[in-house]
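Heads up, the thing below is written out as structure tokens.
Below, read A as the first sequence line, B as the second, and so on, with proteins coming before strands; counting in each chain starts at 1.
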Amino acid sequence: MSKGTAIRESKGDRLFVFFIYLFLSLVLVIVAVPLIYILSSSVSSPQAVVSGKVWLFPVDFTLDGYKAVFHNPQIGVGYLNSLFYTVVGTVINVALTIMLGYPLAKKTLYGRNFFMVLLVITMMFDGGLIPYYLVVKDLHLLDTRWAMILPGALGVFQVIVARTFFQTTIPDELAEAAELDGCSDIRFIFSIVLPLSKPIIAVMTLMYAVGHWNAYFDALIFLRKPDLFPLQIILRNILILNTVDASMMANVSQVQAQQGLKDLLKYSLIVVASAPVLIIYPFVQKHFVKGVMIGSLKG
Amino acid sequence: MPRLTSKLQTEPSLAPKNPVSLKAPPERRTGRTVGKKIKRHWQLYLVLLLPVLYLIIFKYIPMAGIVIAFKNYNVIKGIWGSDWAGLKYFHQFFDSPNFWLYIKNTLGISFYGLILGFPAPILLALALNEIRNGLFKKSVQMVSYAPYFISTVIMVSIIIVNLTPNVGMVSKFFEMLGVSNTNFMGIPGLFKSIYVWSDVWQFTGYGAIIYIAALSGVNPELYESAKVDGASRIQKILHIDIPSLIPVSVIMLILNLGNIMKLGFEKIYLMQNPLNLSTSEVISTYVYKVGLLGSSFSFSAAIGLFNSVINLILLVSVNYIARKLSSNSLW
């Protein structure tokens, strides 16, 4: 790209690039502003929020909203439950995904196409809500922690991504050579496949973990006991159904107008609930991109 | 099949060198290749066992459980023991006064979402592709796909908070334009737009990744020669970028169209309120309310089945059309 010899951009092109920049800046603003607004509101005083003084920057900085959030016992329980579902669920997810994805990538697996079809059919057709619910009910999983883990123990899309990865990065010759040396398939998985698959394992872990942290549907239909509720259900009760328990605010300075604090609490709660994912996000962003790209290679 | 026969021919010459098959000569002599192949890699089947069991229990048994739609479900007798009801529940649904309303809402929100949501990531990818490098490009990418990680509950909360009269940012913005004190979430006519535009806000950046990947795979020589021929940037987009995005776009379009009837339950259910129900009730929310909240299992399953079948027909036909028109299809 030496300036002297490159063909110079025409006026039309430069104008075009200007519009591209304008368009992308607009995208940036539209996406970022609501997020900044929530963040700023969460640390502004209730009065400022309610009277609509907050635009982009915090007004009358205060952490009262966060104090109220952390004083709420429900939120603490939800946080711990979500943590449990995320960790245990993700471990099971990743294990099962590899257990299905790896054999499907092997040409030596007789009936490979059959298993692949078995998998893909589930992407296109399902029994629907009621039969799904009844299966979980018949297994006596309702109102247990397993209801949050077992029904979603495998993501079909993730299996296909993993299979594509195994197919493209682990050469058949390697497996053949190992076989000649007397290495069993299971040992090959543990000592060769897993160490070579760290990138895809990282990607899967992240995708599954985010899924568990944000999961809400299974809890809505399978759980009735409040002490099993994940954070998302608690959030729904507080943020959307507006059932804020008055007692949760008793500890916080009584001077604040209750209504104002209630509004403030919503903003703080949104930030607190999204924090785990958004904090790790910048570190894992490129892995996510990689995951999408591996998945897009071949269906 | 061809693989099977070729294996048969190569097997004997390989066998003497192969310690695994040397260990098990009796099986070889019986000549049952299938059994031998399975036996040789029995460990792979062992590994497969758990996930396949999962698929059977949580995917295939529910599929078989669909018969509940044709039965008078009785909790004590169970799905299989209950009496047949024939198409009673389907008729009940087709004849219900709200049948067309729910179909209309489902299709309306879906197509609105498709028309806006499908091209948006392509547009963003094309624009980002025009900027070769630098901090600006990275920031746009990073910020634009951050909303993808926000949970549905939080997303709906953000929508509600922003649309709260007098307080929310969007409300304040409209107030400046002279529309004051409006409860946007309570206006039936606005539901579709709020749903679709917030989806675009949340998923466009993430959706663009796949197109950016496709664009990064374009042969640079094409750009070079276009440059030499004096092509403008717009011409390059029209004649190089867009054609190279067509295969992946077709696949994405088929996938999207195949989900038309499977309109997301989570977000719509959370966004519903008594005021907007006339435009926000879709088939999936109705199935949930009738089935799980109202305990009409059979009726609800019939609606769900109807929905799935329409969806499957859509997917198969769109795929067929795509295969005929272009060479790209899911299968």
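Only the side chain of B:Leu315 comes within contact range of chain A, with heavy atoms under 4.5 Å apart. For a residue to count as touching a neighbouring chain, one of its non-hydrogen atoms must lie under 4.5 Å from one of that chain's; by this rule A:Leu129 touches chain B with the side chain only. For A:Ser41, no part lies near chain B; criterion is any non-hydrogen pair under 4.5 Å. At a 4.5 Å heavy-atom cutoff, B:Ile251 makes no contact with chain A through either its backbone or its side chain. In this structure, chain A has heavy atoms under 4.5 Å from both the backbone and the side chain of B:Leu44. With a threshold of 4.5 angstrom between heavy atoms, B:Ile57 approaches chain A through its backbone and through its side chain. Both the backbone and the side chain of B:Leu48 come within less than 4.5 Å of a heavy atom of chain A. Neither the backbone nor the side chain of A:Lys11 comes within contact range of chain B; no heavy atoms are under 4.5 Å apart. Neither the backbone nor the side chain of B:Leu255 comes within contact range of chain A; no heavy atoms are under 4.5 Å apart. Only the side chain of A:Tyr102 comes within less than 4.5 Å of a heavy atom in chain B; its backbone stays farther off. Both the backbone and the side chain of B:Tyr145 come within contact range of chain A, each with at least one heavy atom under 4.5 Å from a heavy atom of that chain. Proximity to chain B (any heavy atom under 4.5 Å) is shown, for A:Leu24, by both the backbone and the side chain. If you measure heavy-atom distances from A:Leu119 to chain B, the contacts under 4.5 Å come from both the backbone and the side chain. Both the backbone and the side chain of A:Leu28 come within less than 4.5 Å of a heavy atom in chain B. Interface remark: B:Ile160 contributes side-chain atoms only to the contact with chain A (heavy atom separation under 4.5 Å). Only the side chain of B:Val75 comes within contact range of chain A, with at least one heavy atom under 4.5 Å from a heavy atom of that chain. Contacts of A:Leu134 with chain B are made by side-chain atoms alone, with heavy-atom separations under 4.5 Å and no backbone atom involved. Heavy atoms of A:Tyr133 lying under 4.5 Å from chain B belong exclusively to its side chain. There is no contact between A:Phe19 and chain B, counting heavy-atom distances below 4.5 Å. Of the atoms belonging to A:Phe217, heavy atoms from both backbone and side chain fall under 4.5 Å from chain B. When heavy atoms are compared at a cutoff of 4.5 Å, A:Leu141 approaches chain B solely by way of its side chain, counted from C-beta outward. Proximity to chain A (any heavy atom under 4.5 Å) is restricted, for B:Val52, to the side chain, taken from C-beta onward. For chain B, no part of A:Leu104 is nearby; none of its heavy atoms comes within less than 4.5 Å.
Among the candidates B:Ser157, B:Ala69, B:Gly304, B:Gly65, the residue making the largest number of heavy-atom pairs closer than 4.5 Å to chain A is B:Ser157. Taking chain A as the reference chain and counting heavy-atom pairs below 4.5 Å, the highest number among B:Ile68, B:Val156, B:Ile234 is found for B:Ile234. Most heavy-atom pairs under 4.5 Å with chain A: of the set B:Tyr54, B:Phe297, B:Tyr45, this distinction falls to B:Tyr54. With respect to chain A, the highest number of heavy-atom pairs below 4.5 Å among B:Leu126, B:Asn311, B:Asn162 belongs to B:Asn162. Chain B forms more heavy-atom pairs under 4.5 Å with one residue of A:Val210, A:Leu154, A:Leu235 than with any other, namely A:Leu154. The greatest number of non-hydrogen atom pairs below 4.5 Å with chain A, out of B:Lys172, B:Glu175, B:Glu130, is found for B:Lys172. The most heavy-atom pairs under 4.5 Å with chain B, out of A:Leu269, A:Thr122, A:Ile189, A:Leu278, come from A:Thr122. The candidate from A:Ser274, A:Pro34, A:Ala273 with the greatest count of non-hydrogen atom pairs under 4.5 Å with chain B is A:Pro34. Interface remark: of the candidates A:Ile121, A:Val136, A:Leu139, A:Ile121 forms the most heavy-atom pairs closer than 4.5 Å to chain B. Counting heavy-atom pairs closer than 4.5 Å to chain A, the top residue among B:Ala64, B:Ala301, B:Ala214, B:Pro147 is B:Ala301. Across A:Tyr267, A:Tyr37, A:Phe16, A:Phe125, the residue that shares the most heavy-atom pairs under 4.5 angstrom with chain B is A:Tyr37.
Considering CE of B:Met261 and CD1 of B:Ile283, their distance stands at 4.0 Å, rounded to 0.5 Å. A:Asn214 contributes atom CG, which lies 8.0 Å from atom CD1 of B:Ile154 (distance to the nearest 0.5 angstrom). Separating the OH atom in A:Tyr216 from the OG atom in B:Ser151 is a distance of 10.0 Å, to the nearest 0.5 Å. The distance from atom CZ of B:Phe306 to atom CD1 of B:Ile303, rounded to the nearest 0.5 Å, is 9.5 Å. In this structure, OG on A:Ser184 lies 11.0 Å from NE2 on B:His41, to the nearest 0.5 angstrom. Expressed to the nearest 0.5 Å, how far CD1 of B:Ile212 lies from CG of B:Leu128 amounts to 5.0 Å.
Pairing each heavy atom of A:Gln232 with each of A:Trp213, the nearest pair is NE2-O, 3.0 Å. Taking each heavy atom of A:Asp13 and B:Ser232 in turn, the nearest pair found is OD1-CB, 3.5 Å. Across all non-hydrogen atoms, the minimal contact from A:Asp185 to B:Gln43 is N-OE1, 2.8 Å. Contact record, B:Leu55 with A:Leu118: CD1-CD2, 4.4 Å, taken as the closest heavy-atom pair. In this structure, B:Asn273 and B:Met185 approach most closely via the heavy-atom pair ND2-O, 3.1 Å. A:Pro230 and A:Ala215 get closest at one heavy-atom pair: CG-O, 4.5 Å.
Side-chain contact between A:Pro151 and A:Phe222 is present, with at least one heavy-atom pair separated by less than 4.5 Å.
Judged by distance alone, the side chains of B:Lys267 and B:Ser198 do bring a donor and an acceptor atom under 3.5 Å apart. Judged by distance alone, the side chains of A:Gln158 and A:Thr97 never bring a donor and an acceptor atom under 3.5 Å apart.
In this structure, B:Ser298 contributes its side chain and B:Tyr73 its backbone to a donor-acceptor pair below 3.5 Å. Checking side-chain atoms of B:Ser300 against main-chain N and O of B:Ser296 turns up no donor-acceptor pair under 3.5 Å.
In the displayed structure, A:Phe115 atom CZ is contacted under 6.0 Å by more than 12 heavy atoms of other residues, nucleotides or ligands. By the neighbour-count criterion of 12 heavy atoms within 6.0 Å, atom CZ of B:Phe136 is densely surrounded, having more than that number from other residues, nucleotides or ligands.
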